Amino acid sequence: MEWYNLTIDGCEVRVPKGTTVLEACRMNDIQIPTLCQDKELTPSGACRLCVVEIEGMRNLPPSCVTQVAQGMVVQTQNTKVRAARKVILELLVANHPLDCMTCQKMGNCSLAEYAYEYGATGEIYKGEKRDLPIDSGNPFILRDPNKCISCGKCIKACTEIQGRSILDFSFRGFDTQVGPAFNLPYNESDCVFCGSCVSVCPVGALTEKKMVGMGRSWEVSKVQTTCPFCGTGCNFDLNVKDGKVIGVTSNPDSPVNGKALCVKGRFGMDMIYSPTRLTTPLIRKDGVLVPAEWDEAIALVAAKFGQIKKESGPNAIAALSSAHCTNEENYLMQKFMRAVIGTNNVDHCART
Amino acid sequence: MTNSINEIPNSKVMFVIGCNATEAHPIIGTKMMQALANGAKLIVADPRSIELAECSDLWMRLRPGTDIALINGIMNIILANGWEDRAFIEERTEDFEKLRENLQKYTPDVVSKITGVPVEQLEEAARIYATAESAQIFYTLGITEHVYGTDNVMSLANLALLTGNLGKECSGVNPLRGQNNVQGACDMGALPEVYPGYQKVANAEAQAKFEAAWGVPLDPTPGFMIPDMFEAAHSKDLRALYVLGEDPVMTDADANHVRKGLKALDFLVVQDIFLSETAKLADVVFPGASFAEKTGTFSNTERRVQMVNKAIEPIGNAKADWQILCELATAMGYPFEYQSPEEIMQEVAKLTPQYAGITHARLGTQGLQWPVPNAEHPGTKFLHEGNFNRGKGLFVAIDNQIPDELPDEMYPFLLSTGRKLSHYNVFTQHSEALETYAPEELAEVNPLDAKRLGFEEGERIKVTSRRGEVETKIRITPRVPLGLIYMTFHYTETPTNVLTNGAFDKVTKTYEYKVCGVQLSKLS
């Protein structure tokens with residue numbers, strides 16, 4: 001592999017050929033603001049927030065689409081660069097709703113984070129504001145086009161991660177919107193509600209509908225876990241507030257799926273709190289299942305299994321283990337049947 | 001899977017048979033879409049015009065249940081053109097001559113007649129698959145849920161062996177496992193003939209190993225498989241059944257027969273997170289904890305063992321399934337004194353060669369793909385590099401067979417069952433969001449059949465088989481061929497498995513969910 005030496009903010013760094021300037025900076029813990037960049041997506045150079053100054057280049061090139069060259073000298077934080085970034089942020093904020101207090105994205109909004117860092121208030125370029133209808137006609141995703149900054153990440157996620165290309169830009173200039181073809185609402189399009197678009201949106205334009213009002217990002221703890229549905233083994237973060245799961249968000253470090261999830265994994269976890277959950281042991285008495293204490297239920301099953309084993313032998317008892325339970329639980333179930341009951345009558349839906 | 005999910009985007013050729021990945025395994029489906037964007041070729045064999053068929057380079061609409069003929073036909077063409085991998089066959093396989101001899105009768109014309117696939121398509125499939133630098137086979141339950149499912153799978157293994165598509169990246173025979181932890185439940189020995197790690201109960205050495213570990217004498221006779229259990233319940237040989245996290249009344253074929261079997265038991269215990277249709281028949285119900293409420297591991301379809309991390313306390317008075325099992329074993333006089341799932345995994349690792357190097361700490365956020373034979377081993381991305389478990393790969397001559405029950409005059413439609421994107425098996429109905437999005441069964445019926453029978457879009461109709469009847473709404477669509485109705489098994493209100501056939505594969509005893517005869521009629 002060929003390596004290049006370059007200087008970033010006065011520091012000598014060495015990176016492989018083919019690396020972008022942005023990657024080179026991040027590999028060396030140099031912070032660069034970005035709105036349209038995501039490591040799972042091809043770079044587009046759309047937002048221009050990652051501009052840097054490179055000796056010998058006339059303009060300020062976006063670092064996400066500029067490859068390193070031998071001997072390059074890069075400035076990432078000088079006055080010229082910061083002023084250019086501030087102009088971009090001012091333009092974005094000027095046209096952005098400032099309802100941050102009630103915005104679901106507060107605390108996790110890249111635009112707000114950079115506007116704060118660069119002191120962009122939106123007052124320099126005051127002008128027209130958008131007042132577009134919010135797309136809320138589906139159970140999963142809220143789309144507020146007024147908050148969209150046209151970074152195009154959702155479009156790329158739909159195409160490059162999901163392979164569907166449901167989303168694209170429509171209209172021109174100030175009227176530009178991002179959405180399904182003909183700017184249809186999500187539920188009238190061919191969208192399959194994987195939510196990849198939501199997972200990459202840097203602002204509050206796309207949010208998980210069920211999580212709105214359920215908690216602020218700083219109140220939420222994230223627990224990485226494995227999806228309980230199909231055999232793909234996607235990982236995601238359960239978002240927990242006050243001991244309650246309020247939703248699911250992508251975990252970009254998931255080994256199998258990265259940020260991608262399907263409609264079930266991302267939006268189906270409200271089943272945890274389904275009113276149909278069993279919350280107490282039940283014992284059939286006079287033909288009806290009635291609530292019981294754990295001790296009573298365990299003792300009854302132990303006694304019944306013991307009695308049947310004594311009367312008819314261990315092979316008169318069988319168990320169906322579960323492809324939905326953990327390895328540890330399946331191990332215990334087969335050990336229970338083999339070592340405690342004394343039979344190999346244990347199977348599960350292994351082949352279906 | 002012999003290979004790994006993240007090899008898929010780099011595939012050169014994908015042969016997808018009996019596998020609707022974009023709906024049943026959506027993220028694997030997206031990886032296939034990424035492969036297509038990267039220039040991979042896609043061959044699909046499926047009676048339905050699934051989404052992957054629509055994106056494919058070649059779609060073979062075979063008649064349901066004719067997979068063996070199709071694969072034999074493709075192999076016949078490969079041999080006729082000299083596209084087989086001679087060196088691989090020579091070095092790594094045996095019984096090639098037996099296969100070759102058997103393939104002679106599967107000429108393109110004969111196979112085309114059996115499968116309904118035009119000869120040119122068979123030739124094209126053979127060319128694309130066999131001349132690729134590497135080619136991957138993906139199959140799912142469309143292959144296994146037949147009375148000759150095992151033979152279907154072995155046919156695919158023959159095809160991979162013939163072309164040397166095993167033991168290297170972006171190749172292999174890749175079953176996409178259905179449930180989150182069906183791989184792990186098998187690995188853990190929740191099967192009647194094997195201990196954890198597929199060590200046979202009938203093997204004296206394995207028996208001695210587990211007797212020493214568990215301190216009790218063990219029975220070397222394999223136990224009942226699922227269909228045997230219901231039969232034994234009917235005949236009173238089985239008196240008690242303990243069902244953990246399964247709902248056979250909804251998910252096993254010929255549900256009425258299953259229900260009768262369960263009712264014939266003296267004692268039924270069900271442990272679940274919901275009051276399932278099976279739980280409603282139980283004598284005792286234990287409330288288990290959901291995945292969010294406990295710690296442990298799941299093993300996915302690519303053999304990756306991954307952490308399930310507890311995020312919240314169990315709801316109400318529910319308990320983690322492992323704790324319930326510990327209490328029950330202890331109450332029966334064999335104390336299970338595990339303090340945590342991690343401790344259980346330590347015991348698993350000691351007894352299971354594939355999991356020997358696995359601990360919860362090592363799994364971390366990335367998991368490990370078994371085999372992990374020791375604490376330093378990094379895991380195994382793809383299997384069979386250099387040699388197979390049995391040494392050489394064995395070709396098996398397999399002949400075409402017919403399903404147990406095909407449509408006839410009385411039941412003229414072929415019913416095929418499966419999943420759809422918006423639901424997973426029988427418990428996503430408990431998600432309000434998903435239930436709002438896809439609230440009811442929409443059986444797929446071909447437009448010409450619908451016209452002939454006078455059905456309208458969205459009409460509720462009656463579907464009857466020899467075993468029972470259900471009502472369902474229909475969706476009229478050319479996705480299904482003439483004479484075929486496709487239904488899912490997700491909905492309690494439309495319990496499709498009342499209709500399906502309880503005939504099963506001779507080896508695995510997997511039911512033939514993919515083919516049975518039904519009659520469609522208007523509701524009077």
Side-chain angles (χ1 to χ4, degrees), chain A residues 139 162-163 223 225-226 228-234 238 240 243 245 255-257 260 262 264 267-268 270-272 274 276-280 282-284 297-298 301-302 304 308 316-332 334 336 339-340 344-345 347-348 350-351, chain B residues 25-27 33 177 179-180 182 184-186 188-190 192 214 216 223-226 229 239-240 242-246 267 274 283 285 287 290-292 296-298 300-301 306 308-309 311 316-317 321-322 325 327 329 331-332 334 341 344 348 366 424 428 430-431 433-434 436-437 508 510:
Chain A
Q162 190 65 17
V223 180
T225 196
T226 306
F229 297 144
C230 81
T232 306
C234 295
L238 285 173
V240 182
V245 174
V256 173
N257 56 303
C262 76
K264 300 177 287 263
F267 298 115
D270 56 343
M271 67 148 196
I272 297 168
S274 163
T276 51
R277 274 291 299 271
L278 288 165
T279 54
T280 183
L282 304 171
I283 293 178
R284 190 171 297 280
I298 293 278
V301 173
K304 264 297 211 192
I308 291 171
I317 305 170
L320 280 186
S321 200
S322 176
H324 302 124
C325 288
T326 63
N327 285 320
E328 290 77 0
E329 289 160 347
N330 277 286
Y331 174 81
L332 283 196
Q334 61 86 37
F336 173 76
V340 183
N344 286 311
N345 287 341
D347 198 2
H348 72 285
R351 300 153 301 261
Chain B
H25 298 84
I27 298 310
M33 294 297 215
R177 308 293 315 252
Q179 291 94 348
N180 56 322
V182 65
C186 294
M188 292 303 104
W214 295 342
V216 288
F224 291 141
M225 283 180 153
I226 293 175
M229 292 181 190
R239 293 182 56 200
Y242 181 9
V243 179
L244 169 62
E246 290 276 329
F267 193 57
F274 302 113
D283 295 290
V285 178
S290 80
F291 83 111
T297 55
F298 293 154
N300 78 349
T301 188
Q306 303 189 98
V308 175
N309 291 308
N317 219 353
D321 296 295
W322 66 272
L325 280 157
E327 286 183 24
M332 291 194 69
Y334 186 120
I344 305 169
V348 170
Q366 300 298 298
Y424 166 76
T428 47
H430 299 280
S431 156
L434 294 174
T436 311
Y437 178 50
T508 63
T510 298

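All values reported here derive from a predicted model rather than from experimental measurement. Within every chain, numbering begins at 1; the chains are lettered A, B, ... in the order of the sequence lines, protein sequences first and strands thereafter.
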Best-contacting candidate, [options], against chain B by heavy atom pairs under 4.5 angstrom:
{"options": "A:Ile283, A:Leu238, A:Leu320", "answer": "A:Leu320"}
{"options": "A:Gln334, A:Arg277, A:Lys304", "answer": "A:Arg277"}
{"options": "A:Ile272, A:Val301, A:Asn257, A:Val340", "answer": "A:Val301"}
{"options": "A:Ala316, A:Ala302, A:Ala260, A:Pro139", "answer": "A:Ala316"}
{"options": "A:Leu278, A:Asn330, A:Val223", "answer": "A:Leu278"}
{"options": "A:Gly243, A:Gly163, A:Ser321", "answer": "A:Ser321"}

Just by distance, do the side chain of [X] and the backbone of [Y] share a donor-acceptor pair under 3.5 Å?
{"X": "A:Asn345", "Y": "B:Gly223", "result": "no"}
{"X": "A:Asn344", "Y": "B:Pro192", "result": "no"}
{"X": "A:Ser322", "Y": "B:Gly245", "result": "yes"}
{"X": "B:Gln306", "Y": "A:Gly233", "result": "yes"}
{"X": "B:Asn309", "Y": "A:Thr225", "result": "no"}
{"X": "A:Asp270", "Y": "B:Ala433", "result": "yes"}

Open item on the list: Check the orientation of A:Phe229 and B:Tyr424. Use parallel for under 30°, tilted for 30 to 60°, and perpendicular for over 60°.
Closed with: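 Tilted.
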If you measure from [atom1] on [X] to [atom2] on [Y], what distance do you get to the nearest 0.5 Å?
{"X": "B:Tyr437", "Y": "A:Lys264", "atom1": "OH", "atom2": "NZ", "answer": "10.0 Å"}
{"X": "A:His348", "Y": "B:Glu246", "atom1": "NE2", "atom2": "CD", "answer": "7.5 Å"}
{"X": "A:Leu332", "Y": "B:Trp322", "atom1": "CG", "atom2": "CH2", "answer": "8.5 Å"}
{"X": "B:Asp321", "Y": "A:Glu328", "atom1": "CG", "atom2": "CD", "answer": "11.5 Å"}
{"X": "A:Phe336", "Y": "B:Tyr242", "atom1": "CZ", "atom2": "OH", "answer": "6.0 Å"}
{"X": "B:Asn300", "Y": "A:Cys230", "atom1": "CG", "atom2": "SG", "answer": "9.0 Å"}

Heavy atoms only: give me the nearest [X]-[Y] pair and the separation to one decimal.
{"X": "B:Gly296", "Y": "A:Thr326", "result": "CA-CG2, 4.0 Å"}
{"X": "A:Asn327", "Y": "B:Ala185", "result": "OD1-N, 4.2 Å"}
{"X": "B:Leu434", "Y": "A:Gly268", "result": "CD1-CA, 3.6 Å"}
{"X": "A:Tyr331", "Y": "B:Met188", "result": "N-CB, 3.8 Å"}
{"X": "A:Pro228", "Y": "B:Asn180", "result": "O-CG, 3.3 Å"}
{"X": "B:Met225", "Y": "A:Asp347", "result": "CA-OD2, 3.2 Å"}

Task: Interchain contact, B:Val285 with chain A, by part (heavy-atom threshold 4.5 Å) - done: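 For B:Val285, backbone and side chain are both near chain A.
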Open item on the list: Counting only non-hydrogen atoms closer than 4.5 Å, does B:Thr297 touch chain A with its backbone (N, CA, C, O), its side chain (CB onward), both, or neither?
Closed with: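 Contact with chain A involves both backbone and side-chain atoms of B:Thr297.
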TODO: Using a 4.5 Å cut-off on heavy atoms from C-beta on, say whether the side chain of A:His324 contacts that of B:Gln179.
DONE: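 B:Gln179 reaches A:His324 side chain to side chain.
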In terms of heavy-atom pairs under 4.5 Å, which option from [options] contacts chain A the most?
{"options": "B:Pro26, B:Ala240, B:Gly184", "value": "B:Ala240"}
{"options": "B:Thr301, B:Val243, B:Val348, B:Ile27", "value": "B:Ile27"}
{"options": "B:Gly316, B:Ser431, B:Ala311", "value": "B:Ser431"}

Task: Interface moiety of A:Val240 toward chain B, non-hydrogen atoms closer than 4.5 Å - done: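 Just the side chain, heavy atoms under 4.5 Å.
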Open item on the list: Suppose we screen for side-chain contact (heavy atoms from CB on, under 4.5 Å). Which residues come up paired with A:Thr280, at least two apart in sequence or across chains?
Closed with: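 With neighbours one apart ignored, the set is A:Leu282, A:Pro291, B:Asn317.
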